[in-house]
Amino acid sequence: MFNITLPDGKKIPFDAPLPLGEVAGKISRDLGKKALAAKVDGQLRDLTSLIDHDAAVTFVTPDTPEGLDIMRHSGSHVLAEAILTLFPGTKFAYGPAVEDGFYYDVDAPNPITAEDLPKIEKAMQKIIKANRPFVRRELSRAEAKAKYAADEYKLDNIERAEGDIISFYEQGEFSDLCRGPHVPSAGKIGAVKVMSLAGAYWHGDATKKQLTRIYATSFPTQEELQAHLTKLEEAKRRDHRVIGKQMDLFSTEPDVGPGLILWHPNGAVIRHEVEAFWKEEHLKRGYQLLYTPHIASEEIYKRSGHLENYGDMMYNSMDIDGSPYRVKPMNCPGHILIYNANVHSYRELPFRWCELGTVYRYEPSGTLHGMLRVRGFTQDDSHIFCTPDQVEAEINGILDLMDHMMRTFGYTYKAFLATRPAKSIGTDAQWEMATNALEAVLKRRNMPYEVDNGGGVFYGPKIDIKLVDALGREWQGPTTQLDFNLPERFKVEYVGKDNERHKVVMLHRTVLGSMERFIGGLIEHFAGDFPLWLAPQQVRVLTVTDAAIDYGREIMAKLRELGLRCHLDDRGDKIGAKIREGELARVPVLLVIGEKEKEAGEAAVRRRLLGDLGSRKVAELLPELAAEIRERRLPPKPAGKTAEA
RNA sequence: GCCAACUUGGCUCAGUGGUAGAGCAGUGCUUUCGUAAAGCACAGGUCCCGGGUUCGAAUCCCGGAGUUGGCUCCA
């Protein structure tokens, strides 16, 4: 007889030993919800292990992140068993739970193809339905090695396992090396879906054998699984490559080269508006604009250390009058040389210098992705040169600017403070000063942040911002880094009060990242339904009959007067067809005009996401639209349900 | 870069060895219509590129390019 004490003090009595299923069943009944595993002294354990404990425990249920992980990891064992039934002789390398699901890396004697996935899913469902218990078995290291002498992956896993006892989990015939814990039985896994397959290397090492990775996911209920699949569909619908084609925003052309973006007029005008906003905000905040050349002598990259450390990312050198030149992979050296063109006093600092600087980097072909990962891109780069006691104020200013711009685009965000990595340059005092300055600003602003220990760059700590878009997805966003390296290498100095030369503190930062990646992300964030100020075509005037064409031209003239991007659709099509085309083109404002409106000096307003809003006096409507653009207001309705979350 | 799949008209796609198709878009004509597709006609293709097998290749084989999904990578 033993007791399990629940956190509320309630005791559940058991007669040990009991079959696991009964333990789980009893706990679940007493708890009123499904128990998957238990936490004893903060350690995750199988429910079976409780049999040896008379302790206060908390139960892990599938509505917690831990519970989901345990459920999904157990799912990977079921996936493995299903694969083994269908493909005897398959070896299993590694099968963890990951965000949104789980996978198993397998080495199958015959290739598994996409057509096999539904079969695997069916087999999994059968195993789950059979609801056999997961049973933990323990072997000594030597016994384990003997058992798996013919399986190089298991041997490797045993080699890597800690301690002398190696645990296995069995469900029926199938047994797999595993640390656990697991759900009590396969029936607790819920609704499963086999998603996809892909190649992956054993331990991510490209010199090792390529394995087949099968992705699957599971949710406690069919409804939750369905909601997840719906969200994936929604993400697919928003894919910037698809919308980019629909709206004729950009393209890549094989004859130009992979990863090189051609901005079509509709995409270019969005970029123009974003850049204009960016410049306006920078100039307001005391930044100054720079321009630097797209090629430079190799000397500058030798000096910066980039050629040595990141030469693989740079394009080959070209010979100009006998000297090697390179295409610019980053903007910093140019900005530093502008600084060093003169001797500067502490009285002049800080300098806030910025450039929409286009750079080219050799990204491996397999990593290119639409506008989000490209080989030529324009960074919204800035370098701030300041004294140590100006650092906090400058960081604060950067965060102000970042916050304002992200709000304007309707993003929420999370902050991460990345501290000193194992391999780094600079003194302890430098790192302490810099890290403290970053942290102090985050605290002063009451900005919630997480510490990414050791996540800084070798030359200094940084604050990374992750954007959360309308679908709740996270994107790499603004970043602010301190740099101890380049000021040393380039002797970037100012003359202090003491008439001595001191090294400047140099801050690198971007707010948008690159125009390509940011606008690619914006397309998905808004699902193509841009705010009025960004929409390629802002207003389309649709005539019901030819009798309204003259009136349409009058409205067009007034719209142009206000600087709106507009178009008159005066073709002989029916009004329904014109509206359909306007909606498909995602034009935010459609003005329908016929004889009625012409008489009254009105226009029937139809707004994207809101529909038909009825007739308005043109004289009132147009200034309102102009104001909406001037204030850079977000779309009338959030682009996604979770936008406010 | 690695593994796999894919590449047919501007777009989305059908076509598995017998000489290329649909819908949408485009052009012309007709229609003048009230909130998501009017009708008719016309035009449009080196079937990604190169090589091979075959009497014959969009289709089969080899090589290359590009794209996609992953892996690795993203200062």
Side-chain angles (χ1 to χ4, degrees), chain A residues 98 103 105 111-115 195-215 236 239 241-242 245-246 248 251-260 301 304-314 329-332 359 361-370 372-375 377 379 421 456-460 462 476 479 481 483 485-486 508 510 513-514 517 542-549 570-585 590-597 604-608 610-615:
Chain A
V98 290
Y103 66 80
D105 283 347
I112 298 175
T113 67
E115 286 82 62
M195 304 297 291
S196 60
L197 87 190
Y201 297 106
W202 180 229
H203 294 303
D205 180 346
T207 62
K208 298 268 170 58
K209 185 171 178 183
Q210 178 112 15
L211 304 169
T212 305
R213 176 169 296 180
I214 315 259
Y215 282 95
K236 211 167 155 191
D239 190 315
R241 294 164 301 182
V242 175
K245 198 165 257 180
Q246 288 169 350
D248 197 20
S251 65
T252 56
E253 302 293 336
D255 287 346
V256 174
L260 300 169
Y301 302 115
S304 68
H306 285 102
L307 203 54
E308 187 188 336
N309 294 315
Y310 305 105
D312 289 350
M313 299 296 282
M314 294 171 64
M330 87 293 302
N331 304 301
C332 338
V359 299
R361 298 178 187 178
Y362 175 72
E363 303 286 348
S365 58
T367 65
L368 302 176
H369 180 87
L372 300 180
R373 188 79 186 268
V374 293
R375 286 179 170 168
F377 51 98
Q379 294 181 300
V457 195
F458 75 91
Y459 54 72
K462 59 177 179 174
Q476 177 62 47
T479 170
Q481 307 180 351
D483 186 346
N485 181 41
L486 292 176
H508 303 254
T510 63
S514 73
R517 189 173 279 186
L542 314 178
T543 54
V544 177
T545 67
D546 286 358
I549 292 180
D570 58 0
R571 294 170 308 163
D573 282 312
K574 288 171 130 177
I575 192 65
K578 294 186 188 182
I579 285 168
R580 180 180 149 82
E581 282 184 32
E583 290 283 351
L584 288 176
L590 300 180
L591 298 181
V592 176
I593 53 167
E595 310 239 19
K596 274 188 298 188
E597 288 78 11
V605 182
R606 189 187 163 103
R607 286 208 65 154
R608 185 87 181 137
L610 296 179
D612 189 354
L613 298 177
S615 254

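rC33(B) and rG10(B) are spaced 37 Å apart, taking the P atom of each and rounding to whole Å. Here the separation of rA25(B) from rU12(B), taken at their C1' atoms, is 11 Å to the nearest Å. rU67(B) and rU30(B) are spaced 43 Å apart, taking the C1' atom of each and rounding to whole Å. Of the C1' atoms belonging to rG9(B) and rA20(B), the separation is 11 Å, rounded to the nearest Å. For the C1' atoms, the distance from rA14(B) to rG45(B) is 15 Å, rounded to whole Å.
Taking the nucleotide of RNA chain B with the nearest heavy atom to each of R373(A) and E583(A), the more 5' of the two is matched to E583(A). Mapping R241(A) and S365(A) onto RNA chain B by nearest heavy atom places S365(A) closer to the 5' end of the strand.
rG18(B) is paired with rC55(B) under the criterion used here, namely a Watson-Crick or G-U wobble arrangement in which both key atom distances are under 3.5 Å. With both pairing distances under 3.5 Å, rG28(B) is matched to rC40(B) as a Watson-Crick or G-U wobble pair. Base pairing of rG34(B) is not made with any nucleotide, judged by Watson-Crick or G-U wobble geometry with both donor-acceptor distances under 3.5 Å.
Out of rG1(B), rC71(B), rA36(B), the shortest distance to the side chain of Y362(A) is found at rG1(B).
Ion pair R606(A)/D612(A) not flagged as a salt bridge, since none of the NZ, NE, NH1 or NH2 atoms sits closer than 4.0 Å to an Asp/Glu carboxylate oxygen.
For the pair K574(A) NZ and rG34(B) P, the interatomic distance rounds to 8 Å; values are reported in whole Å.
Counting any heavy atom pair closer than 4.0 Å across all strands shown, H306(A) reaches a base atom.
The base of rA4(B) has none of its N or O atoms less than 3.5 Å from a complementary donor or acceptor on the side chain of R213(A). Donor-acceptor pairing under 3.5 Å, judged by distance alone, is absent between the side chain of E595(A) and the base of rG34(B).
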